[in-house]
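Data first, discussion second: the structure below is written as structure tokens.
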Amino acid sequence: MKKTNYVRNAIALLLICVIAGTALAQRGPGRGKGPGRGHGRAGVGQGQGNGHSQAHDRDHADFRYLLTNHQKIRRDVQLLPNGVKTLTESDDPQVAAKIREHVYWMKERVEQVQPIRMRDPLFAELFRHAKQIKMVTENTPKGVRVIETSEDPYVVNLIQQHAKTVSEFVKRGFPEAMKNHPVPTSANESAPLEYKHPSIKEYGKVVQLPNAAQQPREQSKICVDLTKGGPADKLNPSIEKVARFVNIYQGAGKEPAAAQIAVVLHGDATLCALNDDAYAERFDTKSNPNLDCLHELHEAGVQIYVCGQSLVGKGGKPDQVVVFTDVAVSALTSLVNLQADGYGYVPLK
């Protein structure tokens, strides 16, 4: 009886090993992948589970290996009416094996919509349309042949642009991989970025970036510590930077965002707030070149404070300060009070 039970247990253990071995053999292209490749729906870019982390790390390692050995790779791209046909090969057996491995896992990422390289606009857009992409791969003795197609003309354009980008990876290596690659427009060109003045019309030009990270946040509070001076007969560049801050919150992001901005002038910037007569007498100029921009800031709701200690220390008087600017006891008290009121500190020195 004991002998019979022993035989049954041995047979059961053997079956378990066979099943486990079969499952592992089906997990990848069969070149030393090991466990934990990560096929779950979480995927790279969705931040869930250890499978995601392992898959990302290994794909990243594969990508770095191919970039390091890019001069050993040759690539041919044929444009098709509905996509591309590519042949990527190497005479180095190890590089050829890594090409096949990389393509295998990238095909799986597309099929399972597991994004990678999502900081690159072109790759992010391609994965947004992954469900509309069909990939057929064929291993060759020295690499892999891929046919990638779609029934959507826009996605076809993405596929073809991606194929050109991969060819640049092969040609240039890491320098190309460090670049962002734009999403093609209908004319296959990047849309031009134009400067604008959404709030302050003459100063602080900005470009609108509605899809950028860290958008202007509603009800932000900013305390600008401005100490930098400049030529007496020209606008202080740091004052114009404050105009740019206003324009950023009013029109550089996806939506305008209300912001409270306060500027504290001290150090070499103190006398920028003198009225025209006092400034002209002090610096032998016709007028104060800073007042127009400062007045625009005031009209846009920016609070402007001048350090009283610096003002007197530099030979000025409180009654010589332009009417729309307030004299504070000191820059120190202003900066401390504003930060206690929840203002974020931004130095311009």
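Sequence positions, counted from 1, serve as the residue numbers for this chain. When reading the values below, keep in mind they use all heavy atoms of this one structure, side chains included, and skip hydrogens, waters and symmetry mates.
- Counting heavy atoms of neighbouring residues, nucleotides and ligands inside a 6.0 Å radius, atom CZ of Arg172 exceeds 12 of them.
- Residues Tyr305 and Val322 do not share a hydrophobic cluster, defined by chaining ILVMFWY side chains whose heavy atoms lie under 4.5 Å apart.
- A 6.0 Å sphere centred on CG of Asp284 holds no more than 12 heavy atoms belonging to other residues, nucleotides or ligands.
- Atom CZ of residue Arg75 and atom OG1 of residue Thr88 lie 4.0 Å apart, to the nearest 0.5 angstrom.
- Side-chain atoms of Asp59 and Met106, non-hydrogen and from C-beta on, do get closer than 4.5 Å to each other.
- You'll find the side chain of His162 reaches within 4.5 Å of the side chain of Phe123, heavy atoms only.
- A donor-acceptor pair is defined here as one N or O able to donate and one able to accept, closer than 3.5 Å; such a pair exists between the side chain of Lys201 and the backbone of His197.
- Linking Ile, Leu, Val, Met, Phe, Trp and Tyr residues whenever their side-chain heavy atoms come within less than 4.5 Å leaves Val156 and Leu158 in two separate clusters.
- The number of heavy-atom neighbours closer than 6.0 Å to CD of Gln94, taken from other residues, nucleotides and ligands shown, is 12 or below.
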(request) Start with the C-alpha gap between Glu148 and Thr86, add the side-chain angles, then the distance that decides, and say whether side-chain contact (heavy atoms from CB on, under 4.5 Å) holds. (result) CA-CA 8 Å; Glu148 195 170 357; Thr86 64; over 6 Å; no
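- Between Phe169 and His70 there is no side-chain heavy-atom pair separated by less than 4.5 Å.
- The side chain to side chain contact (heavy atoms under 4.5 Å, CB included) test with Ser334 is passed by exactly one of Val264, Leu265, Val329: Val264.
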Can you list, pair by pair, the side-chain donor-acceptor contacts under 3.5 Å of residues 240-247, counting residues two or more places apart and other chains?
residue, atom, partner, partner atom, Å
Glu240, OE2, Gly204, N, 3.2
Arg244, NE, Lys205, O, 3.2
Asn247, OD1, Ser199, N, 2.9
Asn247, OD1, Ile200, N, 2.9
Asn247, ND2, Ile200, O, 3.3
Asn247, ND2, Tyr203, O, 2.9
Asn247, ND2, Gly204, O, 2.7

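- One finds the CG atom of Asp120 at 10.5 Å from the CE atom of Met178 (value rounded to the nearest 0.5 Å).
- Residues Lys142 and Asp91 are in side-chain contact: their nearest non-hydrogen atoms beyond the backbone lie under 4.5 Å apart.
- When all heavy atoms are compared, the tightest approach of Arg119 to Asn180 is O-OD1, 3.3 Å.
- Closest of all the heavy-atom pairs between Ala232 and Pro289 is O-CG, 3.4 Å.
- Transitive grouping of hydrophobic side chains (ILVMFWY, heavy atoms separated by less than 4.5 Å) keeps Leu80 and Leu126 in distinct clusters.
- Using a 4.5 Å heavy-atom threshold, the side chains of Lys196 and Val206 count as touching.
- The ring pair (Phe, Tyr, Trp, His ring centres under 6.0 Å) contacts involving residues 265-303 comprise Tyr279-Phe283, His295-Phe324, His298-Phe324, where partners must be two or more places apart or lie in separate chains.
- Summarising the geometry of Ala269 relative to Leu226, their closest heavy-atom pair is CB-CD2, 3.3 Å, with the distance given to 0.1 Å.
- Annotation: side chain of His181 is in contact with side chain of Glu176 (closest heavy-atom distance under 4.5 Å).
- Within a 6.0 Å radius of CD in Gln339, other residues, nucleotides and ligands contribute more than 12 heavy atoms.
- Atom NZ of residue Lys349 and atom CG of residue Asp225 lie 5.5 Å apart, to the nearest 0.5 angstrom.
- Annotation for Ala273 and Val306: closest pair CB-CG2, 3.4 Å, computed over non-hydrogen atoms.
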(request) Kindly indicate, with the supporting measurements, whether the criterion side-chain contact (heavy atoms from CB on, under 4.5 Å) is fulfilled by Leu66 and Lys98. (result) CA-CA 7 Å; Leu66 293 172; Lys98 190 63 71 174; 3.8 Å; yes
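- By the neighbour-count criterion of 12 heavy atoms within 6.0 Å, atom CD of Gln71 is sparsely surrounded, having that number or fewer from other residues, nucleotides or ligands.
- Atom NZ of Lys221 has more than 12 heavy atoms from other residues, nucleotides or ligands within 6.0 Å.
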(request) Determine, stepwise, if the pair Lys228 / Asp268 fulfils salt bridge (charged side-chain N to carboxylate O under 4.0 Å, His left out). (result) CA-CA 5 Å; Lys228 188 175 181 179; Asp268 292 338; over 6 Å; no
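- To the nearest 0.5 Å, atom CD of residue Gln309 and atom CG of residue Leu332 are 9.5 Å apart.
- Side chain of Glu89 to backbone of Arg74: no donor-acceptor contact under 3.5 angstrom is found.
- Here the closest heavy-atom approach between residue His129 and residue Ile133 is recorded as O-CG1, 3.6 Å.
- Put simply, the side chain of Asn82 never gets that close to the backbone of Thr149: no donor and acceptor are under 3.5 Å apart.
- Proximity of a side-chain donor or acceptor of Ser90 to a complementary backbone N or O of Lys72 within less than 3.5 Å is detected.
- Under the side chain to side chain contact (heavy atoms under 4.5 Å, CB included) test applied with Ile99, the options Ile73, Val170, Asp92 reduce to a single match, Ile73.
- The hydrophobic cluster containing Tyr249 also contains Val346, counting ILVMFWY residues as joined when their side-chain heavy atoms lie under 4.5 angstrom apart, directly or transitively.
- With hydrogens and angles disregarded, a donor-acceptor distance shorter than 3.5 Å links the side chain of Asn290 to the backbone of Asn236.
- For the pair Val263/Ile239, no side-chain contact is recorded, criterion being any heavy-atom separation below 4.5 Å from C-beta on.
- With respect to the salt-bridge test (charged N to carboxylate O, under 4.0 angstrom), the residues Lys286 and Asp233 do not qualify.
- In the hydrophobic clustering of ILVMFWY residues, with side-chain heavy atoms under 4.5 Å counting as a link, Ile159 and Leu79 come out together.
- Between the side chains of Glu101 and Tyr65, no donor-acceptor pair of N or O atoms lies under 3.5 Å.
- Annotation for Arg64: atom CZ does not count as buried by contact number, only 12 or fewer foreign heavy atoms lying within 6.0 Å.
- Checking side-chain atoms of Asn288 against main-chain N and O of Asn275 turns up no donor-acceptor pair under 3.5 Å.
- In plain terms, the two heavy atoms of Cys272 and Leu294 that are nearest each other are O-CD1, 3.5 Å.
- Side-chain contact between Leu209 and Leu193 is present, with at least one heavy-atom pair separated by less than 4.5 Å.
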(request) Carefully, step by step, assess Gln219 and Gln260 under the rule side-chain contact (heavy atoms from CB on, under 4.5 Å). (result) CA-CA 7 Å; Gln219 300 303 323; Gln260 299 179 50; 4.3 Å; yes
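- A donor-acceptor pair shorter than 3.5 Å cannot be found between the side chains of Thr140 and Arg145.
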(message) Would Thr68 and Phe174 count as a side-chain contact (heavy atoms from CB on, under 4.5 Å) here? Give the steps.
(response) CA-CA 8 Å; Thr68 300; Phe174 284 104; 3.5 Å; yes
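- With rounding to the nearest 0.5 Å, the separation of OH in Tyr345 from CG in Leu335 is 6.0 Å.
- For the atom pair CD (Gln160) and CD (Gln78), the distance works out to 12.0 Å, reported to the nearest 0.5 Å.
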